[in-house]
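Here the structure is laid out as C-alpha cells; the discussion comes afterwards.
Values below: every heavy atom of this structure, side chains too, minus hydrogens, waters and symmetry copies. Letters go in sequence order (proteins before strands), and every chain restarts at 1.
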Protein chains: 2
Amino acid sequence: MQAPTTATYLPHLAYDSVVFGFSGDQLKILIMEYHKTNWFALPGGFVRRDENLNDAARRGLRERTGLDEVYLEQFYTFGDTARFRPGVMEGILAANDISVASDHWLLDRFVTVAYYALIDYNTVVPRPDALSDSINWYALDELPPLLFDHEEIVQRALVTLRENLGKKLVGMNLLPPLFTMKELQRVYEAILGEKLHRSSFQRKMLASGLLERREKRLSGKAHKAPYQYRFLSKANP
Amino acid sequence: MQAPTTATYLPHLAYDSVVFGFSGDQLKILIMEYHKTNWFALPGGFVRRDENLNDAARRGLRERTGLDEVYLEQFYTFGDTARFRPGVMEGILAANDISVASDHWLLDRFVTVAYYALIDYNTVVPRPDALSDSINWYALDELPPLLFDHEEIVQRALVTLRENLGKKLVGMNLLPPLFTMKELQRVYEAILGEKLHRSSFQRKMLASGLLERREKRLSGKAHKAPYQYRFLSKANP
DNA sequence: CCCCATTGTCGCAAGGTGAGACAATAATAC
DNA sequence: GTATTATTGTCTCACCTTGCGACAATGGGG
C-alpha cells in the first residue's frame, strides 16, 4: 500500500472526531481499531491542501458513517508536543505493509483539531477505512484504552457537549425524527450523567418552543400512550 | 533580514490572539501594524517544532505585552482555504527586505488557532516585534480594516467572551487588583454591550463568593465613597 | 452647614425550577 | 366486560433568582 503524501495533505495537521450516538439508554461513541495491532483510536484523518478544515472533518464523518447532514462542531485543538509518539504510527503503518523513511511526515509531530458529532444511532452503518479492521460503538464507560491523548479528547468533548446542552438544546440530534418525551429525557440524563425530574423536564422542553407535538402513538405498552414529538430546525451550529 | 525556516517552526500552522483590555469604559484590543505597509492584523505567530501549541500563544503574548500570568484561552481554529492570500504575506516580507522563493512555506496556506486574552490594560507596555511598526489599543468599534479573516476572529472572540462571562465570571481579569463595584459593572456592560441594573448586578457579584471586600476608599469624588474589592483566585481556565 | 450625586441595602413582583400529587389512559389480567 | 397497573400529561406549592424601584447613608462641594 502507498503512504499518503504531503502533495495531497497538509503535514502536521489532523482532525479527530468524537461521534456520539444514543442506544439502550447509554451514550456511545465510535471507536476504530487499527488493522492487526489491537490498537484503538478515534476516527480521524488528514486535511487536503485544497480543502477547508471543517470540510475535512465532515468528509471523514461521511466516509465512516455514510451520513452528511449531521450536527458537527469543532471544540478544541490539541497541540502538545507530548502527543508525538513516532513508534505508534510506525506500528500502524508496518501492520499494513507500508514502509516509510524514518523522517517521513507521518512519523512527525501532529496537531489535531477535535470535533464532536451528534447522530441518530440507528441510521449509521459504520464502515472501516483502509487502515482499520473495524469501527464500532462503545459505551463511554466501557471504552478500550485509546491511543495518544484520545481519552482526554473524549473527556473534553463530553464537557463541551454538556455545556452546549443547556445553551443550544442540542440533545435532539441524537434521536430519530419522531420520539417521546421519555426518550428525550433519557438522552439528557445520559449526557449529564444524572437523573432529571420528569415534570420539570417536560415543562422546560415544551417551553423551549422547539418541539412539535404529533398524534398519540399506540405502541404495545401497557399504559397511557405518550405523545410523539418532532424537532423544528434540526440545524447545525 | 532572514526569513524563519521550517527547521524551527511547523509549517501551515499559526496562532492569533485577541487581547482584550478595558479603558475609558470601552473594551479594546491590541492590533499591530506591519512595517511600511499600513496593514493591520491581530498579533500572532508560529509554533516552534519543540513547543506546545498553547505555550506558543503564551510566548507570543509575553513578547508583545511583557505579561505572563494572564487569562488566555483557545477558542477556535480557522482553517478555510480562502484564508490563503499569498500576495499579502509577500508584501509584508518585501517591506522588510526579506526575499523568499515563490514556493516558500510562508506564502502557502495557513491554519490558525485563535486565542483570546484578558489583561489589565494599565500594566501593559505594548512592544512591536521585528515585522511591525506599532502595536496599539483600538476600541472594538473603531478597528482599522484587518488582514485575512481577522475581523471574523475578533467577532467570534467577542461571542466566546460573552458566553464565558456568565459561566466563569471572567470579567475581573480585565481590572487592576483593586476596583469598585461600579468599575466592574462597566466592564460587564462593555462586554455585553448593554446596560445592567445596579442593584441586581451588585447582588449577583456578591453572591458569587469570588469577591473580597476591602476598606473604604476616599478618592476625591463628591459622594459616598464606595468599597473596593479584590478577586479571590485570579486563576486561568 | 446644607446640598447632591453616588453607594449599599432592602422589599416587592414576576418568572423559573424542584418536587410531589392527581386524574387520564392503554394494554393486560381476570 | 371489568378491574388492575404502569405510565403519562398537567397542576400546584414552595423556593430561588432576577428586574426594578425605594430608601437611608455618606463624603465632598458650594
Taking the side chain of R198(A) as heavy atoms from C-beta outward, which of dT18(D), dT17(C), dT8(D) is closest to it?
-> dT8(D)

Please confirm whether F110(B) and F46(B) have ring centers closer than 6.0 angstrom.
-> yes

Interatomic distance where CZ belongs to F201(B) and P belongs to dG8(C) [whole Å] | 12 Å

Interatomic distance, K195(B) NZ vs dG21(D) P [rounded to whole Å] = 15 Å

Between the protein and nucleotides 11-15 of chain D, which nitrogen or oxygen pairs come in under 3.5 angstrom?
none

Rounded interatomic separation in angstrom, taking CG from L206(B) and P from dG8(C) = 9 Å

So, for Y115(B) and F75(B), is the gap between ring centers shorter than 6.0 Å?
-> no

Between dG9(D), dG27(D), dT8(D), which nucleotide has the shortest distance from any of its atoms to the side chain of A225(B)?
-> dG27(D)

Specify whether Y116(B) and F20(B) have parallel, tilted or perpendicular ring planes, treating 30° as the upper limit for parallel and 60° as the lower limit for perpendicular.
-> perpendicular

Below 4.0 angstrom from OP1 or OP2 of dG28(D), is there any side-chain N or O of K224(B)?
-> no

Nearest to the side chain of H223(A) - dT6(C), dG8(C), dA6(D)?
-> dA6(D)

Measure from the side-chain heavy atoms of R213(B) and tell me the nearest of dT9(C), dT10(D), dT18(D).
-> dT9(C)

Is the shortest side-chain N/O distance from R217(B) to OP1 or OP2 of dT26(D) below 4.0 Å?
-> no

Report yes if the side chains of L140(B) and Q26(B) come closer than 4.5 Å at any heavy-atom pair, otherwise no.
-> no

How long is the line joining OH of Y227(B) and C1' of dA25(D), in whole Å?
-> 10 Å

First locate atom CD of Q185(B), then atom CZ of F201(B), and finally report the distance between them rounded to the nearest 0.5 Å.
-> 5.5 Å

Residue closer to the 5' end of DNA chain D, H197(B) versus Y229(A) (nearest nucleotide) = Y229(A)

Please give, in whole Å, the distance from dG9(D) P to E215(A) CD?
-> 13 Å

What is the distance, rounded to the nearest whole Å, between atom CE of M205(B) and atom C1' of dT18(D)?
-> 13 Å

Integer-rounded Å distance: dT9(C) C1' and K182(B) NZ = 16 Å

Quick one: are the ring centres of F231(B) and F179(B) less than 6.0 Å apart?
-> yes

For the residue pair Y76(A) and F78(A), does the interplanar ring angle fall in the parallel (under 30°), tilted (30 to 60°) or perpendicular (over 60°) class?
-> perpendicular

May I have the distance from K204(A) (atom NZ) to dG16(C) (atom P), rounded to whole angstrom?
-> 11 Å

